[in-house]
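Worksheet: the structure to be examined is printed underneath.
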Amino acid sequence: MENRFRKYTVSAISQLYGEEIDQSLVQLQETRNDFEGDLTLVVFPYLRFSKKPAEQTGEDIGKWLKENAEGVESFSVIKGFLNIVVRNSEWLELFKDIAGSDNYGFSSPAEDSPVILVEYSSPNTNKPLHLGHIRNNLLGYSLARILEANGNNVCKTNIVNDRGIHICKSMVAWKRFGNGETPDKKEEKGDHLVGRYYVKFNDEYNREIDSLVAEGMTREEASEKAPVLEEAREMLRGWEAGDKEIRELWERMNSWVYKGFDETYRSLGVSFDKIYYESETYKHGKRIVEEALNREILYKKEDGSVWADLTGDGLDHKILLRSDGTAVYMTQDLGTAVDRYEDYKFDKQVYVVGNEQNYHFQVLKLILKKLGYSWFDRIYHFNYGMVELPSGKMKSREGTVVDADELVETMYETAREMSEELGKLGDDTNTDKEMILRKIGLGALKYYILKVDPKKNMLFNPKESIDFNGNTGPFIQYTYTRINSILRKAGKKKECVDTRVEINKKEKDIIRRLSVFPSIVREAGITLSPSLIANYCYDLAKEFNQFYHDYTILGEKEKQKRDFRIELSFQTGYMLKNGMWLLGIDLPEKM
RNA sequence: GGUCCCGUAGUUUAACUGGAUAGAACGUGAGAUUCCGGUUCUCAUGGUAGGGGUUCGAGUCCUCUCGGGAUCACCA
């Protein structure tokens, strides 16, 4: 409908003022609630063509539309805003289109559609996932779905940082204190077990520093020379040299971690199409750096370390290989990027990584450019802010991180408590009940995180997120189950839309809301914002609830009206389901 | 100190990318409704950190000040 009016406006301007304008210049929006009308045209931009005051211009265009455009009931002009009232039959035609199309608002990718890689999660294998990763995973997963719905060929990737000094630290601690402990023996998730030894390493490290200081060493010196650290470094060198024993231990402990991660990913409901490992890509990175060194794009210091000079671009010097020849983070990321380009020839790559790495990605892009990769501009860093808790900031050093598994469990527990308090779900079997509660707990978590603008630091309040009222996931889930209940009672068959039926304001509001879904999906795809989808779902659910409150659906006597309302409910539920699907949120059929 | 991000009612947030009187939600106070599933609605309360600029029009763009965060490692 909006598109049609856009075209009408272009013709109106052309016929009235003899000026050909582009459709993008037409500012058409929903009429605000306080004014009479459905669509509003902003006429200010045309004043320079009409050479008349805003009111007069609005009147002219309004008159033209009334005479020439189909479906205009009436119009009014307030200041520079032309409010158009659209005929009810137009709305019903529109609704018929919506009801008649499958997956309204979704486009399916063709073979030659753009290829987009979405990287997210990117865990280190020395500790379990935490709240920050949750935001990352949810954003990444949702972005992938949104891009897919926009008709792109999307590949979800993950880069696992499975090598480096941090992993060696866990390994050293496990060798020293582990007594052959394994996840099976301990009945502990592997990632948690390994994470525990990482913490143990740091405890031991600090203890050794303290005792060295007590023996008269300076703190600075002590933190360099502590024996455990030496041992970890030795292990890293051994790892890079391919020492058999070290590699075996490394593989063994990593396998524990992967098993744990898989469980976490499953409980969060996210997945990947392709996983890259740093232990494989870093070699490629090193080759790339060495080649670039030969071509004198990079330079070597006297101590043997390799650097990129970025001062010409307003940045600093950046190290790419250590003096002992080992790789750094940037080295492997270069390798990963090139690997991926060779694998997929992507049109775009989206890195979902926290904003603390803004500098890193700025540098990555620049170095790719310097090295002559023409596609350097196709990588995009999707950065997001930190998650804080009501109790304060998360600091791993202070032990205030929130473990991902624990949080999911807490959400589930909270859902159960609330549900018991309300005394529902009585007659369902236990497994059904559990599944529903998982969906509610997880839906609450996901919705609460995704409705916020990713750029902003956010505060996560578990209690508030699971509220059944307000702008929350459970509220939308609840609306959906309510619709389902109505449809079950109605016999749930698809109704034909009779375009002669009379509709009221609320019904029109819902149709209008339904009709903008495609443009919201498109917008979310362009701006990469799941929050747009989240807020859309909330608005739709709220509008439906108002309608539900004011009018009866099943109790309506007139058959045509009743059928229409049932179909309207069906479409609303369908749209909620699709919208929430884009966020990776499941809607239970009952709750 | 350099660079980047952020600052909207008591709190959590939105604003169609420069459009109307800045919307919601939670909370608080008053009232109506409570029939398909836990409702919903109305009213009250209260906000763009501050100054200057750009123009028909600024939360949005520019600039300065103030506040918060990130980063500037031979960590990842």
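Lettering follows sequence order; numbering is per chain, from 1. Atoms considered below: every heavy atom in the structure, side chains included; atoms not considered: hydrogens, waters and symmetry mates.
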Looking at A:Thr40 and B:A20, is any side-chain donor or acceptor paired with a base atom of the opposite kind under 3.5 Å?
yes
Any N or O donor-acceptor pair under 3.5 Å from the base of B:A15 to the side chain of A:Asp453?
no
Hey, what's the ring geometry for [X] with [Y], parallel, tilted or perpendicular (30° and 60° as the breaks)?
X	Y	result
A:His133	A:His130	tilted
A:His317	A:Tyr299	perpendicular
A:Phe44	A:Phe81	perpendicular
A:Trp239	A:Trp250	perpendicular

Determine the interatomic distance between [atom1] on [N] and the same-named atom on [M]; round to the nearest Å.
N	M	atom1	value
B:G23	B:U60	C1'	16 Å
B:G68	B:A22	P	30 Å
B:G7	B:A15	P	11 Å

What nucleotide, of [options], holds the atom closest to the side chain of [X]?
X	options	result
A:Gln29	B:G37, B:A70, B:G19	B:G19
A:Glu356	B:G37, B:A70, B:U40	B:A70
A:Leu554	B:C36, B:G19, B:A76	B:C36
A:Gln27	B:G19, B:U13, B:C72	B:G19
A:Asn358	B:G38, B:C4, B:C75	B:C4
A:Ile486	B:G19, B:C36, B:C75	B:C36
A:Pro45	B:U40, B:G19, B:A76	B:G19
A:Thr552	B:G37, B:C75, B:C36	B:C36
A:Ser485	B:C36, B:A76, B:U13	B:C36
A:Tyr329	B:A76, B:U17, B:G37	B:A76

B:U48, syn or anti by chi within 90 degrees of zero:
anti
Output the rounded distance in Å from [atom1] ([X]) to [atom2] ([N]).
X	N	atom1	atom2	answer
A:Asn545	B:C41	CG	P	8 Å
A:His549	B:U42	NE2	C1'	11 Å
A:Ile319	B:A76	CD1	C1'	14 Å
A:Tyr548	B:U40	OH	P	11 Å
A:Tyr447	B:A14	OH	P	11 Å
A:Tyr384	B:U71	OH	P	13 Å
A:Met330	B:A76	CE	P	11 Å
A:Asn355	B:A70	CG	P	9 Å

Between A:Ile553 and A:Arg482, which residue's closest nucleotide on RNA chain B lies nearer the 5′ terminus?
A:Ile553
The residue, A:Asp316 or A:Leu532, whose nearest nucleotide of RNA chain B is more 5′ is A:Leu532
Is there a Watson-Crick or G-U wobble partner for [N] with both distances under 3.5 Å, and which nucleotide is it?
N	value
B:U60	none
B:G18	none
B:A9	none
B:C4	B:G69
B:U42	B:A30

At less than 4.0 Å, is any side-chain N or O atom of [X] found next to OP1 or OP2 of [N]? Yes or no.
X	N	result
A:Gln546	B:C41	yes
A:Lys455	B:G69	no
A:Arg562	B:C36	no
A:Lys489	B:G37	yes
A:Lys456	B:G7	yes
A:Arg488	B:G37	no

Are A:Phe44 and the base of B:G19 stacked, counting only ring centres nearer than 5.5 Å and planes tilted under 30°?
yes
For A:Phe81 and B:A20, is the gap between ring centres under 5.5 Å while the planes differ by less than 30°?
yes
Please work out if A:Thr326 contacts a base, only the sugar-phosphate, or nothing of the nucleic acid, heavy-atom cut-off 4.0 Å.
nothing
